[in-house]
Amino acid sequence: MKGVQYTLGQLGKSLDGRMQLFIGPILILLILAMMVLPLPPFALDMLFTFNIALALMVLLVSMFAEKPLDFAAFPAVLLFTTLLRLSLNVASTRVVLMQGHTGGDAAGKVIESFGQFLVGGNFAVGIVVFLILVIINFMVITKGAGRIAEVGARFMLDAMPGKQMAIDADLNAGLIGEEEAKRRRQEVAQEADFYGSMDGASKFVRGDAVAGLVIMVVNIIGGLMIGTMQHNLSFAEAGQVYILLAIGDGLVAQIPALVISTAAGVTVSRVNTDEDVGQQMVSQLFVNPKVMILAACVIGLLGLVPGMPNFVFLLFTAGLGFMAWRLLKKQKLAAEAVPVDQAPVAQFESPEATWADVQLVDTLGMEVGHRLIALVDDRQQGELLGRIKSVRKKFAQDVGFLPPVVHIRDNLELNPNTYVITLKGGEVGRAEIYPEKWLAINPGQVTGDVQGIATVDPAFGLEATWIDASEREHAQIYGYTVVDASTVVATHLNHLLQRFASELLGRQEVQQLVDKLAEENKTLVEDVVPKCVSVTVLQRILQNLLDEEVSIRDMRTIFDTLAEFEGQNIDAHDLTAQVRLALGRAITQKWFGGEKELHVIGLDVRLEQVLMQAMNSGGALEPGLAATLQQQAQLALQRQETLGEPPVLVCQHSLRPLLSNFLRRQLRYLVVMSQAEIPDDRTMKITAMIGESQ
């Protein structure tokens, strides 16, 4: 039985899906059929009522949508409703001109009621009301909505490259995942398509308003001619019948058109928030009791003026005063609900010092000025704490161990917009940010300038400018990478974590790595620690790797390599060199990806011989040779960066420790690899040379 129910349910879903596929084509065919086939009055009543109901539904959906993409089908709905109204106009015009002489209900009860009851049967009043509705629809609502849609479409298309760059920046910084980045890119594309469609769809509404006016004039002129010439009615009788029918026909079509135009204006003029239009209006209009008190005072004074409708004005005064009183009472209760700290009891005797007074230094800390407290306060929806968690998670996935928790505290001695990042109590980073502004970073290929506070990106030292939110889209159009203040701090922290990774790896983190590997391969861990190396030596080896930006995620390979030297008295630096050889493929992959031909910096043969002699004689370089080596390495690094190639110097295996220790003190971004670390399936091409003038 359950199987039969499941089969029937699946069949029902399949039929529903197939029916939905045919709804659009069937609707278009019906609309086109109404323009050709004559319709009876009852069918016109049904269709006119459906048109009014549909217009109200569209307006309500646009009101309850929280963002434009929640009603992404609106441009298509706008086209269908416009075609439906025009088809009904054609069908009703045919009936009015053919059967209008038979009476006021010739075209149905709906048109008759709009022509008789809404305007009291007075065609002069009806014409005035109809013209006012057309003017409101054409000159006010439709024109404004069309202009907003046009400007929104232009700015949305212009801002697309900048938004895509911002998404890529968040993805590269580890703040979002690949799925989230894909979703954001799709949302940006959908917004551009939506505003572009709305720009064109708004022309439908304007054309519909003009068509309604023309159709009414044609109905009046055609009705007068047909009534007087074909049905032998007097001019007054023909005018009374056909003009009222034309007015009723125009009103019954123009009112839904006005509702649809209002829905279009609401959709394109809304601001993206987590509230619909009604909630935004209530939460922003009726939230300040001072505004209501002042409004009540003004209305009350007007109500005291002789000759004014005193009762109505005083009624609204009382209503506004009551609402203000309710808001003040609610605010007072909210304030009383917050616990107030009691004043501390005076201490007449100083307490004895205890171990609780000893404050250990935080491994990682951040101090912020008082204007930046909102960024790290969950109660104020601060985003920085979440960004820091994402940075730590991304660091653990890339580098291979979990960095310490960042302890954040406020420091009133700092400038209000300044933050300081500390490592073991010492400052390693400092910058000044503006939470209410956006940082426009110049990647080097911008097409214009932006106005704001000139600064430097704290993470990479690029030229940047703090700009207002209103300038954000312009900056993205010019090619700037625009990020918010929380992203600036998170990127700066991520950069410092990568740079000082070796100092963050303590004894506790090493022991946790050993324990984690022991869960999968207990025998391997027991063979290495402490038989081959102690935890202290292992920590030194891992720190050496991290100091040269080598990931320690592959702990199995590291332990397998160390296990080969059981019983041998080898220091940590030599063991590090052996581990690097085992991790050579991963090191090469990090800097060159999947490229088969590696473009690297090389050493001149004569310079290698001189360095080998210096190393054999004690490792000290002559001052002149050291200065020349440093200068040429800097030039080679600049050439490599100009070519867009990785800053990697490849040398003999025995020379790698000497060159790395010497050059990386001055050239932080230079990577020194040995030839033995390059896999056999990769080839090298020297694109920059050190020592050509030797």
Side-chain angles (χ1 to χ4, degrees), residues 67-70 72 74-75 143-176 178 180-203 264-265 267-273 383 387 431-492 644:
K67 52 186 178 181
L69 288 184
D70 290 344
F74 187 77
K143 188 174 183 180
R147 180 58 178 167
I148 293 175
E150 179 183 355
V151 175
R154 185 169 68 249
F155 278 101
M156 181 61 63
L157 292 174
D158 292 342
M160 277 190 66
K163 289 185 176 182
Q164 297 286 4
M165 292 178 64
I167 295 172
D168 294 339
D170 287 347
L171 178 62
N172 296 332
L175 305 179
I176 58 175
E178 184 65 33
E180 177 66 14
K182 187 183 298 183
R183 187 192 66 80
R184 289 189 183 181
R185 293 192 188 100
Q186 185 177 5
E187 185 174 344
V188 170
Q190 288 177 348
E191 286 183 354
D193 293 341
F194 175 80
Y195 281 101
S197 300
M198 283 301 300
D199 182 23
S202 62
K203 304 300 187 296
T267 301
V268 298
S269 62
R270 65 179 301 111
V271 178
N272 287 343
T273 63
E383 299 180 354
R387 299 288 178 89
E432 187 173 7
I433 63 174
Y434 299 87
E436 70 282 359
K437 295 181 179 292
W438 294 75
L439 185 65
I441 304 173
N442 183 358
Q445 297 178 348
V446 297
T447 59
D449 296 328
V450 291
Q451 299 297 324
I453 303 174
T455 184
V456 175
D457 171 40
F460 304 103
L462 300 175
E463 295 182 0
T465 305
W466 286 103
I467 61 175
D468 295 330
S470 59
E471 296 291 327
R472 179 186 175 190
E473 292 186 353
H474 293 86
Q476 292 174 336
I477 294 171
Y478 292 151
Y480 288 87
T481 301
V482 184
V483 295
D484 60 0
S486 297
T487 304
V488 173
V489 180
T491 305
H492 191 192

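Nothing fancy with the numbering, it's 1 onward along the sequence. Computed from a predicted structure; not experimentally measured.
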Could you give the side-chain donor-acceptor pairs of residues 441-466 under 3.5 Å, partners two or more places apart or in another chain?
from	atom 1	to	atom 2	distance (Å)
Asn442	OD1	Gly444	N	2.8
Thr447	OG1	Tyr478	O	3.2
Asp457	OD2	Phe460	N	3.2

Which pairs, with at least one residue in residues 434-448 and sequence neighbours excluded, count as a salt bridge (Lys or Arg N to Asp or Glu O under 4.0 Å)?
-> Lys437-Asp468
Indicate yes or no: at least one non-hydrogen side-chain atom of Glu187 is less than 4.5 angstrom from one of Arg183.
-> yes
Taking all heavy atoms of Ala485 and all of Pro435, pick out the closest pair and write down the distance.
-> CB-CA, 3.9 Å
With a 4.5 Å heavy-atom cut-off, do Arg387 and Asp484 have their side chains touching?
-> yes
Mind checking whether Thr491 and Val483 have side chains closer than 4.5 Å, heavy atoms only?
-> no
Mind checking salt bridge (Lys or Arg N to Asp or Glu O under 4.0 Å) for Arg184 and listing every partner two or more places apart, or none if nothing turns up?
-> Asp170, Glu180
